[in-house]
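Since the model is a prediction, treat every value here as computed from it, not as a measurement. Convention: sequence-line order gives letters A, B, ...; per-chain numbering from 1.
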Amino acid sequence: MSPFFETAATAEDGDLAILHLKRDTLTPITLRSTADDGYAEGAVTNTRFGSFPHSTLIGLEWGAQVRASKVDTGTRGRKGKQVRQDGVAVSMEETTTSPGQPAEPVAHLNNKRKSEELEPEARLEHPVPKKLRTASDRVDSTAVQRAAVATVTPLEAGSGFVHLLQPTPESWTSSLDHRTQVVYIPDYSYILQRIRAKPGQSIIEAGAGSGSFTHAAARAVFSGYPGSENPKKRKLGKVYSYEYHEPRVETLRKEINEHGLDDIVHLTHRDVCNDGFLLTTPDRPSPNANAIFLDLPAPWQALRHLTRIPFEEQVIATTTYLRKNGWTEIDMVEVHNRRMDVRREQVGLKNEGLRGVNASAATVDEAVFRLRDVEQKIGDFHASKIDRQLNAQANAAGAGGAVPNGSGRKVQSKADRLDKIKRDAEERKLYKEGNLVHRTETEVKTHTSYLVFATLPRAWNEDDERACAESWDVEAMMRGERSGGETKKA
Amino acid sequence: MSTSRIQPNTWLFLRLPSRSLKCLEIKPNTIIDVGKLGQFPSNLLLGRPYYHTYEILEKAADEAYSRLRIVTPDELNAEVAADEATPAESRAEPATPGVSDGASLPKAMEEAVVQELKNNRLTIDDASRQALSQEDIEQLKKSSAGKEIIDKILANHAGLDEKTVFSRAKYVLRKRSKYLKRFTVLPMDVGTLILYLHEKEPARILEMREETLGLIMAWSNMHGSHVESSADETSLGKLGTGRWLTVDETGGLLVAAMAERMDILHKYTDEEQFDHPPTNAESVQTEDVEMEDVSATLDGKSSTPASRHIPTPRDFPLPATSNTITLLHPAVQPNVSILKHFGYDSNSPNTDHPLHTHLKCLSWLQLLHPADDPTYRQPDTVPDPELFKWKSGKRGNYHKKQRRWQRCQAVVHDTQRGNFDGLIIASNMDPATILPHTIPLVRGGGHIVIYSPTIEPLVKIMDLYSKDRRAAYIQHLSKGETPSIDDFPLDPRLLLAPTLQTSRVREWQVLPGRTHPRMTSRGGSEGFVFTARRVLPVEGGVEARGNFTGKKRKGATNDAATPGGDIVDAGVGVGGA
Ligand SMILES: C[S@@+](CC[C@H](N)C(=O)[O-])C[C@H]1O[C@@H](n2cnc3c(N)ncnc32)[C@H](O)[C@@H]1O
């Protein structure tokens, strides 16, 4: 069973999980109840938001927020006397580790016991049936567990957290290191929609590259596993994937296996331009595909149904090729995807000195107020100059008391004003003040792909037509005899 | 349904030369009338392949209707190729570019375009250059087939040689679409249906576009669940897998798209049956059929000996537990009229359609205040001896009411138990009023996707889940305060990575040397999609951690990213551990 399609209520030992650090920063890990890399806490994943012993993850409900733990790197090697000394820390810093690989070397003896102690505890803490939450019960009925912390004793670090998520093609794609250029979500979601990918179909893709499209396509055609009950005798969906770059094939093959997709994705190491798509298995030579997705430098050399093309000239060569080879409905498009940033924009004098604000006047009234204020201050300044002169004269004359400030108004220093604004801001609900605005996010992934779609209609010959004409007689109607039929206005 | 040949009694599309779509249900022995293009018997299309282009032939003098001819793809493409090709090919079309040279290519393209513009400047667009008058053309149309007309027009067009191959290609295409009596047959599927509806009745589907639907389906992780549940499908004790919740006010388009991906949209048909027309039109089962003397109980057994051999009526079957769509609707009845194109009519359900058991509908009243809903309230029960004295019709009615009640109970309770894999909303209602009732029903890690034709409702949702608001909320909790419902209509901790996005597809014209985006954008709504995942916050607070230096700027903007452990503005991180 693939964790991409079904997961139990809780994350378990051996599961593929996605640690969500923040948006667009996702780390896939394989949960291990034991590990041999020197942490007293067992398997640990380190992120830039803290360390997460797997014992604090296993047994949690999916979607749980998890606090980071203190793991004592200093004890590595010291505590683990029986532990192999070569256990190198596996840094899961999201950019450095290739995804999908188990984060930690697999189980060794000395940790085994620990995990056995751990499990019943974890079960106790999370009785499976979650309390029924009614719609009105909005606050915090989702008691989240600090799994087994007591047993393995990782201490909470006090700051830092992640969320533990089930894998999906989207989270997998977002977490991919860029072995190749990958087909991103806006493109693949449109492609799969456009080629009418449906459960039970077979789809060819070449080249598989990093496997981004592979996962999304597998989800689209998934209609069950072989051997499982199939009462409706439905066809089982398949993705036939081709890639000629051997290391990429190896990595993807491993991932497909770890992701439980062996029965859905059939990966072939092959140069499709030279050798085509026929399968090597003797019983089923052609994949019999409903759709083909080509993501190659020279798609017209390989074949058709549709392609994703980085350069315009390829488009022309491809469409010309398609036209000359019986394809119809040829169409080229480009998908523009934008993410929108939504924020509260704080404009106004009352924001002076605060961070991330626009402290210019928010209204005409504010502007006028500010102008008057400035006028006033200039007036005050001149007045106080006169005062000072008077004072000086008075002092010179030997008189004691200062002459009062010209306007009689107390002047607030800028520092005082900013201080007050800052104090006020703490009481303000900035999250609901200001203007609610949106704009396109600045970080737009702008590599453009051109997508060419085409359809190859099934072949039709005179024999087919004759057989059909026999099945669906029209002669009576042609003679004007209407057998109770009505006219359908299209 | 997914067969490549046209089956009787299915809905399909005809795409006319103008590229507009016609939607019709094809029934055997009927006449299909395509307006000006002509009339032909439906039997001429039945059993024939989809995606082909058909030409309506001139009606023979002794026949009542036109016949059809398949225009082969070769023929179609030869026309295009011949019209646009040869001289251009040598200049702008790279036959097989061996190396893709990104640097030099655009320049080459640019030159080609400049060259083109020059050529076009010499062309004189003048009606007088077309030697055939409009009357001539009308005359021609009466006498011979369209293709001939076009050939004649072209032969009479004096300026054609000066014209570039491209404008010539355009000219030919324009003429062809005007005179050729052709149409292409496309199968009914959600993709083509959305194109059709977006053109014809955009408001009915909340102006949803194909590319937007693609986004919605990907981000909701929509897929079928094919784990066979070992337990009795009708047992109430167990929550199944693959359960999706939706608030769909697109007339059922969204439900159709979900169902298509879950493999429950089409009735299972044997693909190989197409050569044998069914002996009978499909028998439509009405609710009165089979009803007599049957009393269904929860386990499907009948309580009276007389009914032992009669199957339980399928008018109100208990819903499936796995691979299901639960539809929340604002009116008494759900509006899923679009599903009729896929053989499902909620008013007179086809009982062997998968949606009959896999689509569960309930109204907002039934979800929130079931006791106030008449269908949810148990109808009076009548003891068996009494029942036997009733006329069979009355008894049938009685049992029907009981079945309907049981189904309603099952659906309401199943929904209230929550644990849905995902929630998709496309509604006229303010999503801020939908979420408080539905987010608690989604399982941890489940998917939330909201569609809106306009951005404003979703901007509001983004704001309710903003980083600042969440931080303030957590601060309240850590002080032991109850955050006010006015400031926090939704618990901002329950959604992870709230993201707002939009996709638009731009079509390109592909002609040698003149490859550019088509200028056909017709405006309308962009269509926006909000996505997030349901999460389970730790109790107490959490303090973010992160790389403070160099992150300041980002922290200052209220960006939508969820600070997995990223800084929440300094000072609002909340200690709760
Ligand atoms: C842009 S990448 C594909 C990315 C992939 N679609 C994804 O979503 O991750 C192109 C891939 O095609 C492979 N490739 C190129 N020519 C090929 C050929 N003739 N046969 C098989 N694979 C080929 C390359 O090795 C490369 O990995």
Which portion of Lys429(A) sits near chain B, non-hydrogen atoms under 4.5 angstrom: side chain
Need one label for Ile70(B): side chain, backbone, both or neither, based on atoms under 4.5 Å from any heavy atom in chain A. side chain
Can you tell me which of Glu260(B), Met217(B), Lys460(B) forms the most heavy-atom pairs within a distance under 4.5 Å of chain A? Glu260(B)
Heavy-atom pair of closest approach, residues Glu63(B) and Arg67(B): OE2-NH2, 2.8 Å
Using every non-hydrogen atom in the two residues, find where Pro186(A) and Val335(A) come nearest and quote the distance to one decimal. O-CG1, 4.0 Å
For the pair Glu441(A) and Arg23(A), find out whether any cationic side-chain nitrogen is under 4.0 Å from an anionic carboxylate oxygen. yes
Answer with side chain, backbone, both or neither: which region of Ala469(A) has an atom nearer than 4.5 Å to a non-hydrogen atom of chain B? both
Most chain A-contacting option - heavy-atom pairs closer than 4.5 Å, from Leu213(B), Thr72(B), Ile455(B), Leu458(B): Ile455(B)
In terms of heavy-atom pairs under 4.5 Å with chain A, the winner among Asn221(B), Leu44(B), Val459(B), Asp62(B) is Asn221(B)
Which one of Glu465(A), Lys432(A), Met1(A), Glu6(A) has the most heavy-atom pairs closer than 4.5 Å to chain B? Glu6(A)
Which region of Glu475(A), side chain (C-beta onward) or backbone (N, CA, C, O), has a non-hydrogen atom less than 4.5 Å from a non-hydrogen atom of chain B, or is it both or neither? side chain
Can you tell which part of Thr192(B) gets under 4.5 Å to a heavy atom of chain A, answering side chain, backbone, both or neither? both
So which of His447(B), His223(B), Arg261(B) has the biggest tally of heavy-atom pairs under 4.5 Å with chain A? His223(B)
Which heavy atom in Met477(A) sits nearest to a heavy atom in Tyr65(B), and how many Å separate them? O-CE1, 3.4 Å
In terms of heavy-atom proximity below 4.5 Å to chain A, should Ile216(B) be classed as side chain, backbone, both, or neither? neither
Which region of Asp487(B), side chain (C-beta onward) or backbone (N, CA, C, O), has a non-hydrogen atom less than 4.5 Å from a non-hydrogen atom of chain A, or is it both or neither? both
Taking Ser189(A), Ser159(A), Gly50(A) one by one, which has the highest count of heavy-atom pairs under 4.5 Å against chain B? Ser159(A)
Donor-acceptor pair, Gln65(A) side chain versus Val538(B) backbone, under 3.5 Å? yes
Side chain / backbone / both / neither for Asp189(B) at chain A, heavy atoms under 4.5 Å: side chain
Derivation of the ring pair (Phe, Tyr, Trp, His ring centres under 6.0 Å) call for His226(B) and Tyr225(A): CA-CA 8 Å; His226(B) 304 282; Tyr225(A) 306 95; 8.6 Å; no
Whatever's closer than 4.5 Å to a heavy atom in chain B on Glu170(A) counts as side chain
Do Lys22(A) and Asp24(A) sit within salt-bridge range, that is, some charged N less than 4.0 Å from a carboxylate O? no
Shorter than 4.5 Å, heavy atoms on both sides: which option in Ala60(B), Gly242(B), Ser225(B) has the most such pairs with chain A? Ser225(B)
Out of Val357(A), Asp464(A), Ile185(A), which one racks up the most heavy-atom pairs below 4.5 Å with chain B? Ile185(A)
List in chain and number order the residues that pass ring-ring contact (aromatic ring centres under 6.0 Å, His included) with Phe183(B), two or more places apart in sequence or in another chain; answer none if no residue qualifies. Phe40(B), Tyr54(B)
Is it true that Arg339(A) and Thr499(B) share a donor-acceptor pair across their side chains at a distance under 3.5 Å? no
Side-chain ion pair, Asp463(B) and Arg344(A), N-O less than 4.0 Å: yes
Please look at Arg219(A) and chain B and tell me whether the side chain, the backbone, both or neither of the residue comes under 4.5 angstrom of a heavy atom of that chain. both
Assert top hit (heavy-atom pairs under 4.5 Å, partner chain A, pool Ser42(B), Ala64(B), Gly445(B), Ala257(B)) equals Gly445(B)
SB check Glu210(B) Arg196(A) (cutoff 4.0 Å): yes
Which portion of Ala8(A) sits near chain B, non-hydrogen atoms under 4.5 angstrom: backbone
Taking all non-hydrogen atoms of both residues, which atom of Gln501(B) and which atom of Thr531(B) are closest, and how far apart? NE2-CG2, 4.1 Å
Is Arg48(B) reaching over with its side chain to a backbone N or O of Leu46(B), donor-acceptor style, under 3.5 angstrom? yes
Pick from Leu192(A), Leu164(A), Asp473(A), Leu354(A): which one has the most heavy-atom pairs with chain B under 4.5 Å? Asp473(A)
Taking side chain as everything from C-beta outward and backbone as N, CA, C, O, which of these in Arg533(B) sits under 4.5 Å from a heavy atom of chain A? Side chain, backbone, both or neither. side chain
